[in-house]
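So the structure is just underneath, and the comments pick up after that.
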Amino acid sequence: MQRAVCPGSFDPIHNGHLEVIARASSLFDEVIVAVSTNYSKSYRFSLEERLEMARHSFSALRGIVVEPMGQGLLAEYCHNRGASAIVKGLRSSSDFDYELPMATMNRQLTGVETVFVPGEASYIHLSSTMIKEVFDLGGDVSRYVPGSVLKKLQARESA
Ligand code: PNS
């Protein structure tokens, strides 16, 4: 059983994430979408909301589970969950520069490998931060997020 972890804040999850995770699931028997919490970061959506949006997005796909990652080391989490690989999408060379030291550290910590998946061209400009900003300023983000995420953004706006 080859298991991989796709970690992230997913605040909120968007179509660039979905595309990379779907491709990861074709490479591994099981993919764990691990939703992180970092208390030095401020999130728009609570952990429960981020989990719910991610679970809703993958409800039709087999072999993908969504769970909280907690606050510890990603390498330890992968070790505890029996995952041999971390899968990360790469949008640019600066993503690679940022990710390479972490991949090396994670491998040295527990032996977990990192597999990089090149992002689909139509999504490589996306980030959760950009989607929130465009939405907040009245832009149409419907082509970039699943319907359940769009509803959540709209519900938060009118609350
Ligand atoms: O979506 P994000 O916020 O970019 O996700 C970042 C994440 C969860 C992948 C990163 O913060 C992380 O790896 N956190 C775990 C803490 C850890 O292991 N730090 C050492 C990295 S070498």
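Remember, predicted model here, so these are calculated numbers, not experimental data. One-based numbering, in listed order, for ligands and for the atoms of each. The residues of the chain are indexed from 1 along the displayed sequence.
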Here the gap from L100 atom CG to S93 atom OG, rounded to the nearest 0.5 Å, amounts to 12.5 Å
So side-chain hydrogen bond (donor to acceptor under 3.5 Å, both in side chains) across residues 99-108, not counting sequence neighbours, yields K88-E99
Residues pairing under salt bridge (charged side-chain N to carboxylate O under 4.0 Å, His left out) where one sits in residues 57-74, two or more places apart or in two chains, turn out to be E67-R81
* To do: May I ask you to test the Y43-N38 pair for a side-chain heavy-atom distance under 4.5 Å?
  => yes
List below, pair by pair, the N or O atoms of ligand 1 and of the protein that are less than 3.5 Å apart, including the distance to 0.1 Å; reply 'none' if no pair qualifies.
| from | atom 1 | to | atom 2 | distance (Å) |
| --- | --- | --- | --- | --- |
| ligand 1 | 1 (O) | S9 | N | 2.9 |
| ligand 1 | 1 (O) | S9 | OG | 3.4 |
| ligand 1 | 3 (O) | S9 | OG | 2.5 |
| ligand 1 | 3 (O) | K41 | NZ | 2.4 |
| ligand 1 | 18 (O) | L74 | N | 2.8 |

Residue pairs passing the side-chain hydrogen bond (donor to acceptor under 3.5 Å, both in side chains) test with at least one member in residues 109-121, sequence neighbours excluded, are E120-S122
Just by distance, no angles: are the side chains of S92 and S94 close enough, under 3.5 Å, to form a donor-acceptor pair? yes
